[in-house]
Amino acid sequence: MSSMSQFSAEDEAELQALLRRLLSSVQERISGAPSVECAEEILLHLEETDKNFHNYEFVKYLRQYVESSLGAVIDEETESCARGDGYAIGSGQDTLVHAVTRRTRESGQYKAMMQTLKNTMMVVVESLINKFEEDQLKKEEMQRRSQHEQSSSHYTDNCSDSDSSFNQSYAFIKHEQLQVIAEKLDPSRPKEVRWEALQSLCCAPPSDVLSCESWSSLRRNLSAALADPDPNLSDKVLRFFAKTFSSSPLNVTREIYTSLAKGVESDFLFQKWTFPVGSAGIDVNTQEMTRLLKQMRLLNDFQKEVTSFWIRHPEKYMEEIIESTLSLLSAHSEHSLGSLGPQKALEPVHLIAMLDIKATWFKKWMHGYYSRTVVLRLLEMKYKSLIAAALLQCIYYCESCDRAQDDVSDVRRVMEHQQIGGAPRTLYTIKELEYMYFVHSLCLLGRLLMYTNGRKLFPIRVKKRKDPVTLTDLIGILIRTLYQHPKPAHSDVTHSDSLSPTSLVMEVLRTLCDRTECAVECLYQTSVFETLLCPIVALLKGKQAKLKSPETTLTYIADILARIATTERGLSLFLYDRNLVSVEGESISAAHLIVQFTQKLLAKELVVLTECDTSPSVSGAFIFVCRQMYNTCEGLQELRPYGLHECIAGAWRKTSLLSERVPTPVPGATPGLLSQELQNILVWEEALLDNLLNFAATPKGLLLLQQTGAINECVTYMFTRFTKKLQVSRCEKFGYGVMVTQVAATAPGVVALHSSGFVQAIVVELWSALECGREDVRVVHPKSTPMDPIDRSCQKSFLALVNLLSSSHAVWELLGHQKLPNKAEYPLREMPTSITDLMDRLIIINSDAKIHSLFNYEQSHTFGLRLLSVTCCNLDSLLLLESQYKISEILLQSQRDNIADPATGEGCFIIDGLSVERNHVLVRVSTVGGPSERWLPPRGLQKGTDPYPWPMFSSYPLPKRYILDTPRTRGKQDTEISAFLSGAARDLEKDGDWMNSCRRRYCKAITTKSNIIPGSVLADLLEKAVSHLVASPTDCFFPPVEYKAADGGVGGRSLSPVEQLGAQMSVRYGKYLQLLKEDSEQDLCLLMKHCKEFLSQQQSKITSELCSLRGVFPGHDWFASTVFLLMSGDGERALAFLLRFARLLASAFLWPTRLHRSALLPTEIAQSGIHPMYSCTAHYVEMLLKAEVPLVSSAFRMSGFTPSQICLQWLGQCFWNYLDWPEICHYVATCVVMGPDYQVYTCIALLKHLQPDVLQHTQTQDLQVFLKEEPVQGFRVSNYLEYMEELEQRYRAVVLTDMRKITLEIT
């Protein structure tokens, strides 16, 4: 390059060449511009719209010229500005750039450069303009020479939408010239004249051509040229049409499109191309076929592109395009290729199937509501024959699969691996055309079925079928096509080629499964189920199923069945629709057929199947179907009798032994075979563990999993997937959070979680977020100070710990008999790895060493106090922490240290986040009561002069501000129940109808007037009811146990620290309720000793690693305390009641300690550590909640929490702290009088009552915290008793029956 002020002749020549290249590169953009002004606008904004702008050589040349001209000036100005004040590289960078730019543009060098560049470019542009006509003439001459040359390349190489369509010179044309061109295009003119006219027409802007006055005659002549046998003329017209499509608005292009479509349709109507049955097929290189394919290709390309812009134009334009297309494709539909006879017709739809085999154009048209409405309306009104033809083609293919299996297989393989347009192929047989038409028809029908109005087109009458084809008929045809499809050539059964019938049918069926409305109308029909399960029924009967490839087809059947089973409606049909016929000839549901087939697959008892056909892939696919059922409460209820958990566990144990027996590779052996065999075994072993693990999705399923002995391995497998953040399965929408919570509710589950490393992982993750922070954050960007007590980065870990420690079983196993480290020094790099470490470092901070070991003391300790608050909501957990760690004393000491003058203990409390949080926890752990019986101070501050008006304290007793007024107690009133209990009872006893009368009077009394029955009356009622129930052999459940221990005999038995604290807490509550006297604690302790002695006589000796099974019940007996308060502190009366009550089934569920290590339970259940309250009551709570209050059920699942967790806590402590005392009494009375299944109905009523709050706190992502910390406001048993009676009518047959099975061996 020369100096900045001069350009040499060589520079000008180079610049001219570069500019020419630039214009050639953007020619397509500017050639479609409607005017010169638009073309200029395109060039001005080229940098914004062209991603290759900076790669053009002309741009690079200019950039280099500017740098050489102004580089020194820019450097000098930059240094000058940088030395001045106010210019910094950081935030002042924009100021520096603007300043340098302004000074550079004001410099003399810049002005000189611009002047030189402007002069030079004027010379270059003028030279280009002078050569324009010369270049034009040369091009025309070259085109004349090649006028009669035939193109030897394949039709797609010169297709109408190829690059050559737009490589024409750009010029503007006058209307007079267009009129002359129109006259020259008259069919009577010589071909040379017409060709030259077309050449001139292609050089003109389409907008000018289509707006001229002679357009109508020009259009007629173009249509005639398009149908001309001379390919040069028709190709020129197609190029002009393609150019019009790419640069004109829809109101113009729709005329071109409709005329082109009508022209092609006329060709088919007049020519009526047919082929004899024995003919070779279609040669695409023939002149006529090449012309047709080019025209169809242009139409198809426009069909696929027009959807992106036709919504911006009137609907009538779109309707014309759609109608002309459907009219074209419906031509000759009565002469299908699938028809029998000596002649077979070629239709337009066959050509479009060759070009767009998967009907992409139709998929795009049906995607938007704007166009879909028009398409479906026209199909219904005028062009239903197009759908009928597609249906007929699918029917023909399905029928032909059996007759000519080998031919179909060959055609499929050819079409799968040879796409249309490949140069080597020019001949397509009729069978290949049939297959392409079938694929196109299947894709079109599959898209129709996705939409409501598309399905309304059915039933459709087709030729040679007496009855119209319904939706279910079509699905049956597709399924039979799946069955008859030949075995794929690939050894891998998961291989799926996009053009194979199997892949296409499965794509349609999967789409229908994923759409609820589609599935209901198309799949959830008895006839469809029968077709799907027909091979399974045949195989169970020992017959050969009509399957060409049993292994592959059975896997696909299982895939569809699994997708159906994941939906509520599909699962319900599987479980309860008994319209299928079993092997024994009985009516049976699909679920029972599937599980029977799965069991025989696992046992390899299907003699008609080969070893290959019963491979792990097939067995795994059907286990997965069963899994979609048994991971729900209702599904497990149906499948439980089959013992599928034992079948899967047995298969896993065999596979595990096989993996251990695989020999170690030795020198000379073939490593590939051994490693592949071992890999297959390990994959199958993991699949079986995964399926076993999913039993843990429900409470009863978790018990079944524990009984298999594989719970530790399953939880370890879950942990490996959980750490990798893997999905539970392809059908699950949520992760492992719910399953982890479910497992953590039981003692064996939490032990398995601990041994797998899950607990340690949660603790380490929390510590990393709370104390360490991210290592990649620079010091210059410090972590923001959290505004919430629990930072957002720690919220997930907090909820995970809440879920883990929600059950008292988890607290017993993780913290029971564990001492705190209480080290003298804690290294800063030492991370806690257990719940005990977390308790020591974050909660019980009783030394300066612990404070100094925390980087974020206030935030971390606040986190610990919040976790402590939620954990202590479980009264058994609270008692364990208090007895082991004296948390109240430590918190009170911390409050004393927070006084202004801690040495003297005088002065005001320092109010900060920690002191407020500690005050809240202290009040919570020191008081007992329902929503109207105790008051907890808030955790926040108020605005104003007194931000925290609630009293703080550093020693007991509690300030009176937190103790509410004693609720009014009612004496024994002469109510209807009192009269019934005292007088009328003797007469009714003779009739044997005392309990029925008692239930009626109880319901009437509780639902009228005050809605509250006095406690003394309830005590009498309970005594009478239990006495009558025990006297009835049908109501007596447990065998009698003689108990004669005197007070002196049990006086030497000691109570555990937990029991002593529980007794003290119960007495404080009773005194507050004015039910107990000052010396009642001794009576309660004596009652508890009697209960321990009585229950110990019925306990079996168990050796277990579980802390909760090593001795007596580790918690407090809250039911015994409740009865003691109900009897107003009369220990003898309470003991007599409990001894009688222990014989009733209700005692197994209302009195948790009743069945602790009980010899009345089967040994394996007693050793499991899983109480029937969890495996039975909580199981049915989840089952009924899903049916009765589905929104609440879904909210729990979304929150990663389970209804069984909160219900276990409510029931375990007899609703203490959650309901007021009268409602607790009503709960006990209702379950005793009405039946133990009312325990389930009470929980459902409570959750129904809480539905608005549950939904709200699901949104705020603190559902589990809300449910555990907050009492249930406004709940009255009386308000929901009628609802509970309705639940009894619907579910008692199932719930109560299962409750009575707790003493039976588990199945």
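As a basis for the values below, the full set of heavy atoms in this structure was taken, side chains included, without hydrogen atoms, waters or symmetry mates.
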Arg1157 and Gln1167: side chain donor to acceptor below 3.5 Å: no
Atom pair CG (Leu865) and OG (Ser894), whose distance is rounded to the nearest 0.5 Å: 8.0 Å
Residue Lys796 excluded, over 12 heavy atoms near NZ under 6.0 Å: no
Glu771 with Arg841: basic N within carboxylate O range, under 4.0 Å: no
Flag for Ser806-Asn803: side-chain donor and acceptor within less than 3.5 Å: no
Neighbour count above 12 (heavy atom, 6.0 Å) for Glu1105 CD: no
Lys/Arg N to Asp/Glu carboxylate O, Glu1269 vs Arg939, below 4.0 Å: yes
Side-chain heavy-atom pair His754, Glu813 within 4.5 angstrom cut-off: no
Ser1204 (side chain) donor-acceptor with Ala1178 (main chain) under 3.5 angstrom: no
Side chain to side chain donor-acceptor pair (under 3.5 Å) between Asp837 and Trp767, worked out: CA-CA 11 Å; Asp837 293 343; Trp767 195 263; over 6 Å; no
Between His1116 and Ser1121, a side-chain donor and acceptor under 3.5 Å: yes
Ring geometry between Phe798 and Phe863 (parallel below 30°, tilted from 30 to 60°, perpendicular above 60°): perpendicular
Euclidean distance, Gln1082 CD relative to Leu1087 CG, rounded to 0.5 Å: 13.0 Å
Evaluation steps, side chain to side chain contact (heavy atoms under 4.5 Å, CB included), between Asn846 and Gln893: CA-CA 8 Å; Asn846 52 0; Gln893 182 60 47; over 6 Å; no
Arg1154 side-chain N/O to Ser1147 backbone N/O, donor-acceptor pair under 3.5 Å: no
Exam field: side chain Asp1262 to backbone Val1265, donor-acceptor pair closer than 3.5 Å: no
Tyr1218 ring center near Trp1216 ring center (under 6.0 Å): no
Minimum heavy-atom distance Ser1066-Leu1084, with the two atoms named: CB-CD2, 3.7 Å
Straight-line distance of Leu1073 CG to Leu1125 CG, nearest 0.5 Å: 6.5 Å
Phe1266 and His1257 aromatic ring geometry - parallel, tilted or perpendicular at 30°/60° bounds: parallel
Within-4.5 Å side-chain heavy-atom neighbours: Met839 and Gln818: no
Pair Asn919, Tyr962: side-chain N/O donor-acceptor within cut-off below 3.5 Å: yes
Worked verdict on Lys1092 versus Glu1059 for salt bridge (Lys or Arg N to Asp or Glu O under 4.0 Å): CA-CA 11 Å; Lys1092 289 180 67 174; Glu1059 291 172 316; 3.1 Å; yes
Nearest-0.5 Å distance that lies between atom CG in Leu770 and atom CG in Leu854: 8.0 Å
Trace of the side chain to side chain contact (heavy atoms under 4.5 Å, CB included) decision for Leu880 with Gln884: CA-CA 6 Å; Leu880 177 72; Gln884 281 192 185; 3.5 Å; yes
Heavy-atom pair of closest approach, residues Pro1203 and Val1181: CB-CG1, 4.4 Å
Short side-chain donor-acceptor distance under 3.5 Å, Gln1209 and Ser807: no
Donor on one side chain, acceptor on other, Gln742 and Tyr1174, under 3.5 Å: yes
Residues, nucleotides or ligands: over 12 heavy atoms within 6.0 Å of Gln1261 CD: no
Aromatic ring pairing Phe1196/Phe1201, orientation class (parallel under 30°, perpendicular over 60°, tilted between): parallel
Ser1158 (side chain) donor-acceptor with Leu1155 (main chain) under 3.5 angstrom: no
Distance-minimising heavy-atom pair for Leu922 and Ser888: CD2-O, 3.9 Å
Verdict with supporting geometry, Leu702 and Ile711, side chain to side chain contact (heavy atoms under 4.5 Å, CB included): CA-CA 9 Å; Leu702 183 57; Ile711 187 171; 4.1 Å; yes
Proximity of Phe1113 and Trp812 rings by center, below 6.0 Å: yes
Euclidean distance, Leu867 CG relative to Leu805 CG, rounded to 0.5 Å: 6.0 Å
Atom pair CG (Leu879) and OG (Ser1056), whose distance is rounded to the nearest 0.5 Å: 9.0 Å
Cys873 to Gln1213 - nearest heavy-atom pair and separation: O-NE2, 3.4 Å
Worked verdict on Cys1176 versus Phe1149 for side chain to side chain contact (heavy atoms under 4.5 Å, CB included): CA-CA 9 Å; Cys1176 193; Phe1149 299 95; 3.9 Å; yes
Carboxylate-amine/guanidinium contact Glu830 Lys823, below 4.0 Å: yes
His861 and Tyr857 aromatic ring geometry - parallel, tilted or perpendicular at 30°/60° bounds: parallel
Trp1151 side chain to Asp1117 side chain, donor-acceptor N/O pair below 3.5 angstrom: yes
